[in-house]
Amino acid sequence: MTRRPSRPRRSGRPTGGQPGGKSAGRRDAGRRNAGRLRIIGGDYRRRLLPVLDSPGLRPTPDRVRETLFNWLTAALPGARVLDLFAGTGALGLEALSRGAGDATFVERDARVAGQLSENLATLGAMERGRVVTADATAFLAGTPSPCSLVFLDPPFRQGLAEPCCAALEAGWLAEDAFIYLECEAELVPAVPVTWRLHREVRAGDSHGRLYRRATTPQPN
C-alpha cells in the first residue's frame with residue numbers, strides 16, 4: 001500500500017507526507033473500492049476491510065498485488081514478513097492470507113495503524129500480525145530480527161528508498177530473503193550488491209521491483 005504526491009492518485013500518499021510514514025503515495029486502480037481493501041487470495045479471499053478516509057490512503061492496486069503474489073507463491077508458506085510504510089497493510093495482509101507465518105506492520109500514522117490493528121482482529125489474525133506505530137527509518141535502527149520477505153514502499157521523492165535498503169542489510173534479512181521495493185518510476189535505486197533483481201512491474205507512476213538476496217554480490 002502507498003501514497004504518492006499530488007495529481008490524481010491510484011494508491012497514493014498526499015504531497016507533504018512525513019518521512020517514514022504512509023503520507024505520500026501511489027495511484028489507485030480506478031478507485032472502484034475506495035474506502036475498502038479487498039483481499040485477493042488465500043484464507044481471507046474476497047474479504048473486504050475498511051480503509052480510513054485519509055487523504056491519499058489507498059490499497060495497492062489489485063492487478064499489482066495479484067502479479068506480485070503469483071511471483072511469491074513458493075516463498076509464502078511460513079514466511080516471516082516485514083511490511084514497512086504499511087498504510088492499509090494490503091501487502092502484509094495478503095501475505096498472511098496466503099500462508100505467511102507472521103507479519104510485522106510498521107506505520108507512522110497512529111490512526112492508520114489503529115485501523116490496521118482492527119482489520120487484523122476482524123480477520124482473526126492478531127496472533128500472526130503485529131502493528132508497530134513508528135517511523136520506518138527509526139524502526140530499522142532498532143534491534144533486527146531476520147525476515148524472509150520484506151515489503152518496502154516508501155513515500156516518493158523523499159530519498160528514503162536507498163537508505164532503507166541499506167538499513168535492511170543490518171540484520172533484517174534472512175540469507176535468501178525476497179525484498180519488494182516500490183518507488184517512483186523515474187528512480188533507478190542503488191540496492192545492496194547481494195540483491196538480485198528477480199521480477200519487475202510498472203503501474204502508473206510507480207515501478208515495483210522484486211529482489212532476491214544472495215550470499216554473493218552481483219557481478220558488475
Side-chain angles (χ1 to χ4, degrees), residues 1-5 13-26 54 56-57 60 79-93 95-96 100-117 120 126 128-184 187-197 206-215 217-218:
M1 138 66 214
T2 96
R3 305 181 195 166
R4 305 286 186 252
R13 301 179 176 101
T15 303
Q18 296 178 341
K22 280 291 190 191
S23 326
R26 181 170 59 225
S54 178
L57 186 64
T60 300
R80 296 201 66 200
V81 176
L82 177 60
D83 190 350
L84 292 166
F85 307 94
T88 64
L91 297 177
L93 291 173
L96 288 176
D102 62 81
T104 298
F105 300 83
V106 181
E107 170 54 50
R108 179 169 181 165
D109 187 311
R111 290 180 61 246
V112 176
Q115 181 64 70
L116 179 48
S117 293
L120 281 167
M126 290 295 289
R128 295 190 296 139
R130 178 174 72 111
V131 179
V132 179
T133 305
D135 177 278
T137 55
F139 176 84
L140 291 175
T143 303
S145 178
C147 298
S148 54
L149 175 58
V150 175
F151 299 117
L152 177 58
D153 189 7
F156 281 6
R157 302 175 183 92
Q158 295 188 21
L160 292 169
E162 292 181 6
C164 286
C165 289
L168 286 171
E169 280 293 324
W172 289 103
L173 299 174
E175 186 174 281
D176 58 350
F178 279 101
I179 307 98
Y180 176 71
L181 170 64
E182 187 158 336
C183 55
E184 54 269 39
L187 178 65
V188 180
V191 300
V193 294
T194 52
W195 294 15
R196 296 179 179 172
L197 184 62
S206 67
H207 191 151
R209 295 175 175 87
L210 180 63
Y211 296 94
R212 183 77 182 271
R213 190 169 185 263
T215 55
Q218 292 191 72

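The side chain to side chain contact (heavy atoms under 4.5 Å, CB included) check on S117 picks up V131, with sequence neighbours excluded. By the ring-ring contact (aromatic ring centres under 6.0 Å, His included) test, F105 pairs with no residue at all, sequence neighbours left out. Scanning for salt bridge (charged side-chain N to carboxylate O under 4.0 Å, His left out) contacts around R209 gives an empty result, with sequence neighbours left out. Shown here are the side-chain hydrogen bond (donor to acceptor under 3.5 Å, both in side chains) partners of T143, two or more places apart in sequence or in another chain: there are none. With sequence neighbours excluded, the residues forming a side chain to side chain contact (heavy atoms under 4.5 Å, CB included) with A100 are A79, V81, A95, L96, listed by chain and number. With sequence neighbours excluded, the residues forming a side-chain hydrogen bond (donor to acceptor under 3.5 Å, both in side chains) with R128 are Y44, listed by chain and number. Applying the salt bridge (charged side-chain N to carboxylate O under 4.0 Å, His left out) criterion to E162, with sequence neighbours excluded, gives no partner residue. Looking at residues two or more places apart in sequence or on another chain, you find no salt bridge (charged side-chain N to carboxylate O under 4.0 Å, His left out) involving R130.
In this structure, P154 and C183 have side chains that are not in contact, with every pair of non-hydrogen atoms separated by 4.5 Å or more. The shortest side-chain heavy-atom distance between L93 and L120 falls under the 4.5 Å cut-off. In this structure, V191 and I179 have side chains that are not in contact, with every pair of non-hydrogen atoms separated by 4.5 Å or more. R213 is not listed as a side-chain neighbour of L168, based on a closest heavy-atom distance of 4.5 Å or more.
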Item to complete: Output, in order, the C-alpha distance, side-chain angles, deciding distance and verdict of side chain to side chain contact (heavy atoms under 4.5 Å, CB included) for L82 and W172.
Response: CA-CA 9 Å; L82 177 60; W172 289 103; 4.2 Å; yes
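Heavy-atom minimum distance, A113 versus E107: N-CG, 3.9 Å. In terms of heavy atoms, P163 sits closest to L160 at CD-O, 3.4 Å. For the residue pair L187 and A161, the shortest heavy atom distance occurs at CD2-CB, 4.3 Å. Across every non-hydrogen atom of V112 and G87, the tightest pair is CG1-O, 3.3 Å.
Remark: the backbone N or O of F156 is not paired with any side-chain donor or acceptor of E184 at under 3.5 angstrom.
The distance from the CD atom of Q158 to the OG1 atom of T137 is 10.5 Å, given to the nearest 0.5 Å.
Note on ring orientation: taking the six-membered ring where Trp is involved, the planes of W195 and Y211 are tilted (angle from 30° to 60°).
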